Amino acid sequence: MAKLTMMGHIEDTARVLQRAIDERKDYGQEFIDFWQNNNFKKVIFTGSGTSYNAMRVIRNMFVKLLNVEGVAIEPTVFTYSENINPSSCFRNDQVLVIGLSQHGDSISTCDALKRAKDEGFATVGISEEQNTAITKIADHYVHLVCEEEQIGPETRGYTETLLQFYLLAVEAAHQTKLIGKEKYNQLISDAQNLVNDFPTVVKESSEWYEKQQDELVSMKKASIAGYGYNFPTALEGRLKFFETFGRPTTAYEQEEQLHGPIRAYDEDNFIFLIGGNNGPEFKRMIDIAGYYRRAFTKHVFVISSAKATEDKRDLKFSVKTTDLLSPIFYVVPFQVLSAKLSEKVGIDTSVSPVTDRSISGHMNG
Ligand SMILES: N[C@@H]1[C@@H](O)[C@H](O)[C@@H](COP(=O)(O)O)O[C@@H]1O
């Protein structure tokens with residue numbers, strides 16, 4: 001079978017999202033039983049790269065649906081600089097550490113789980129690849145049904161992981177009676193609607209790119225801002241731009257962008273504002289977009305599904321989802337831009353430009 005391109009993975013995502021829904025009893029029941037048999041009050045979420053950004057989104061889902069304290073942290077900071085239960089207001093058996101590594105062999109994430117386990121905390125490892133280091137270190141394991149990605153920059157895996165853990169949180173919330181049948185059905189139908197509408201999001205993102213390809217391809221530096229549930233989306237957009245198109249990119253929480261970074265902005269900055277979730281920040285985003293356009297650059301792109309600003313550069317999706325699921329939709333334009341801009345300028349995203357591999361973040365190079 002021919003290797004899927006980056007765009008091919010993005011277009012194939014709806015299929016594995018459907019798998020996440022259909023197979024949730026298979027990959028999920030062990031985790032749900034484990035959750036039910038414990039009384040976790042604090043969950044630490046860790047992972048590297050795209051997996052770190054995924055963990056930040058999933059942290060928000062768990063806090064919202066399962067009423068736990070949630071901490072998302074970079075694994076190496078966790079391993080060497082973090083006190084796991086500093087106030088001791090939880091018993092140690094009420095703290096769970098979850099590590100995600102799609103390939104299962106990131107040194108950082110495995111070390112973090114090792115530390116947690118050595119100190120007697122419960123651990124869950126998540127990966128797509130089976131029989132890898134992470135599956136042996138953690139005392140519980142969840143297999144991702146995103147299927148192996150055939151190129152380095154992860155897209156399908158990120159998106160599928162978010163839905164898979166949303167569903168696990170919904171199931172756990174239902175089975176522990178935090179939510180009733182009606183709420184459960186609503187949350188599951190939100191997920192199904194999202195999967196049904198996902199191809200539209202990919203299509204509209206691609207059309208948006210094609211419409212302004214000439215402008216986008218001239219991008220030399222970018223900054224992405226998001227708020228609330230989509231702040232991690234900005235972080236993931238930054239990573240995608242870096243690891244593919246290779247243009248310097250920053251990612252800020254929307255309000256934070258005003259505190260210093262703007263001093264470096266000029267007419268060459270391309271600014272992407274993610275208005276994917278509700279909240280007072282949405283109105284603020286509209287004002288900020290106008291300000292950036294007046295004060296710095298015409299290259300301001302607002303992405304939302306509600307009426308935001310009136311500019312030909314904006315992307316307005318014709319479909320909507322819930323705030324909690326919105327990171328699954330709003331990462332797509334950044335994945336599509338990364339794939340298509342790279343292709344346009346002749347960057348092959350299936351080949352890593354790194355030639356000296358004497359240091360690697362992965363055990364298997
Ligand atoms: N360039 C890749 C990233 O795209 C990936 O997110 C990260 C973590 O990988 P894993 O999820 O397998 O731990 O590893 C590499 O550095």
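None of the values given here were measured: they were computed from a predicted structure.
- Pairs of residues two or more places apart, or lying in two chains, that qualify as salt bridge (Lys or Arg N to Asp or Glu O under 4.0 Å) and include a residue from residues 256-270 are Lys221-Asp266.
- Within the 4.5 Å cutoff, no side-chain heavy atoms of Phe301 are placed close to those of Pro333.
- Counting non-hydrogen atoms of neighbouring residues, nucleotides and ligands closer than 6.0 angstrom, the NZ atom of Lys64 reaches no more than 12 such neighbours.
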Residue pair Thr161, Thr50: steps toward the side-chain contact (heavy atoms from CB on, under 4.5 Å) verdict:
CA-CA 10 Å; Thr161 304; Thr50 291; over 6 Å; no
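- For the pair Val195 and Ile21, the tightest heavy-atom approach, listed with the atom from each and the gap, is CG2-CD1, 3.6 Å.
- Atom CD1 of Ile328 and atom CG of Asp197 lie 12.5 Å apart (nearest 0.5 Å).
- How far CG of Leu216 is from CD of Glu210: 10.5 Å, rounded to the nearest 0.5 Å.
- Counting heavy atoms from C-beta on, the side chains of Leu65 and Leu178 never come closer than 4.5 Å.
- With salt bridges taken as basic N to acidic carboxylate O contacts below 4.0 Å, none links Lys316 and Asp314.
- Aromatic ring centres of Tyr291 and Phe296 lie closer together than 6.0 Å.
- In terms of hydrophobic clustering, with Ile, Leu, Val, Met, Phe, Trp and Tyr side chains grouped at heavy-atom distances under 4.5 Å, Val302 and Ile288 are assigned to a common cluster.
- Using a cut-off of 4.0 Å between Lys/Arg side-chain N and Asp/Glu carboxylate O, Glu23 and Arg19 are scored as salt-bridged.
- Cluster membership check: Phe329 shares its hydrophobic cluster with Phe165, using side-chain heavy-atom separations under 4.5 Å among Ile, Leu, Val, Met, Phe, Trp and Tyr.
- Side chain of Ser101 to main chain of Asp105: a donor-acceptor pair is present (N/O by atom type, distance under 3.5 Å, no hydrogens or angles).
- By the 6.0 Å contact criterion, CD on Glu147 is enclosed, its count of non-hydrogen atoms from other residues, nucleotides or ligands being greater than 12.
- Of the possible donor and acceptor atoms, none in the side chain of Lys344 sits under 3.5 Å from a partner among the backbone N and O of Gln213.
- For the side chain to side chain contact (heavy atoms under 4.5 Å, CB included) with Thr159, the qualifying choice from Val16, Ile10, Leu17 is Leu17, the only one to do so.
- With hydrogens and angles disregarded, a donor-acceptor distance shorter than 3.5 Å links the side chain of Tyr227 to the backbone of Asn277.
- Counting non-hydrogen atoms of neighbouring residues, nucleotides and ligands closer than 6.0 angstrom, the CD atom of Glu69 reaches no more than 12 such neighbours.
- Linking Ile, Leu, Val, Met, Phe, Trp and Tyr whenever their side-chain heavy atoms come within less than 4.5 Å leaves Val63 and Val43 in two separate clusters.
- Under a 3.5 Å cut-off, the side chain of Asp12 and the backbone N or O of Gly8 do not form any donor-acceptor pair.
- A pairwise comparison of heavy atoms in Ser48 and Ser108 identifies OG-OG, 2.6 Å as the closest pair.
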Using the side chain to side chain donor-acceptor pair (under 3.5 Å) rule, take Ser326 and Asn230 through it: C-alpha gap first, then chi angles, then the decisive distance, then the call.
CA-CA 7 Å; Ser326 62; Asn230 279 297; 3.0 Å; yes
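- Nearest approach of Asn278 to Asp323, heavy atoms of both residues: N-OD1, 3.1 Å.
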Could you walk me through whether His103 and Glu149 satisfy the side chain to side chain donor-acceptor pair (under 3.5 Å) test, starting with their C-alpha distance in whole Å, then the side-chain angles of each, then the deciding distance to 0.1 Å, before giving a yes or no?
CA-CA 9 Å; His103 298 287; Glu149 294 199 74; over 6 Å; no
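- Here the OG atom belonging to Ser338 is positioned 11.5 Å from the CZ atom belonging to Arg247, to the nearest 0.5 angstrom.
- Side chain of Arg156 to backbone of Glu148: a donor-acceptor contact under 3.5 angstrom is found.
- Clustering of Ile, Leu, Val, Met, Phe, Trp and Tyr by side-chain heavy atoms under 4.5 Å joins Ile73 with Ile44, Val71, Val77, Phe78, Ile84, Phe90, Val95, Val97, Leu113, Phe121, Ile134, Ile137.
- For Ala225 against Ala234, the heavy-atom pair with the smallest separation is C-CB, 4.1 Å.
- Residues Glu160 and Thr13 bring no donor and acceptor atom of their side chains to less than 3.5 Å of each other.
- For the residue pair Leu324 and Met61, the shortest heavy atom distance occurs at O-CE, 3.6 Å.
- Between Phe334 and Gly237, the shortest heavy-atom distance links the atoms CB-CA, 3.8 Å.
- With hydrogens and angles left out, the side-chain atoms of Glu74 and Tyr52 include a donor and acceptor closer than 3.5 Å.
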When you look at Tyr184 and Glu171, which way does the side chain to side chain donor-acceptor pair (under 3.5 Å) test go after all the steps?
CA-CA 8 Å; Tyr184 169 81; Glu171 290 293 340; 2.5 Å; yes
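- Tyr158 and Gln335 form no side-chain donor-acceptor contact under 3.5 Å, judged by distance and modelled atom types alone.
- In terms of modelled atom types and a separation under 3.5 Å, the side chain of Gln254 and the main chain of Leu273 share no donor-acceptor contact.
- Two rings, from Phe34 and Phe40, have their centers less than 6.0 Å apart.
- Salt-bridge check for Glu215 with Arg313: passed, with a basic side-chain N closer than 4.0 Å to an acidic carboxylate O.
- Residues that satisfy the salt bridge (Lys or Arg N to Asp or Glu O under 4.0 Å) test with Glu207, not counting sequence neighbours, are Lys203.
- Looking at Ser350, its side chain never comes within 3.5 Å of a backbone N or O of Ile151 through a donor-acceptor pair.
- Note: the hydrophobic cluster containing Leu239 does not contain Ile224 (ILVMFWY, side chain heavy atoms under 4.5 Å, direct or indirect links).
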Output, in order, the C-alpha distance, side-chain angles, deciding distance and verdict of side chain to side chain donor-acceptor pair (under 3.5 Å) for Thr349 and Ser342.
CA-CA 7 Å; Thr349 51; Ser342 301; 5.8 Å; no
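- Transitive grouping of hydrophobic side chains (ILVMFWY, heavy atoms separated by less than 4.5 Å) keeps Val332 and Leu235 in distinct clusters.
- Side-chain contact, Glu30 with His140: a donor N or O sits under 3.5 Å from an acceptor N or O.
- The pair Arg115-Asp118 fails the salt-bridge criterion, with no side-chain N (NZ, NE, NH1 or NH2) lying under 4.0 Å from an Asp/Glu carboxylate O.
- Here Asp111 pairs with Lys114 under the salt bridge (Lys or Arg N to Asp or Glu O under 4.0 Å) rule; sequence neighbours left out.
- In this structure, a donor-acceptor pair under 3.5 Å is absent between the side chains of Thr322 and Asp190.
- Here His143 pairs with nothing under the ring pair (Phe, Tyr, Trp, His ring centres under 6.0 Å) rule; sequence neighbours left out.
- Checked by atom type and distance alone, the side chain of Glu119 never pairs as donor or acceptor with a backbone atom of Ala116 at under 3.5 Å.
- Residue pairs meeting the salt bridge (Lys or Arg N to Asp or Glu O under 4.0 Å) criterion with at least one member in residues 227-242, sequence neighbours excluded, are Glu236-Lys240, Lys240-Glu243.
- The existence of a salt bridge linking Arg293 and Asp311 is confirmed by a sub-4.0 Å separation between a basic side-chain nitrogen and an acidic carboxylate oxygen.
- Between the side chain of Glu204 and the main chain of Ser318, a donor-acceptor pair closer than 3.5 Å is present.
- Side-chain contact check for Gln18 and Gln192: at least one donor-acceptor pair (N or O, by modelled atom type) lies under 3.5 Å.
- In this structure, Phe62 has its ring center under 6.0 Å from that of Trp35.
- Checking side-chain atoms of Tyr166 against main-chain N and O of Leu187 turns up a donor-acceptor pair under 3.5 Å.
- Taking the six-membered ring where the residue is Trp, Trp208 and Phe272 present perpendicular rings, their angle passing 60° and hence far from 30°.
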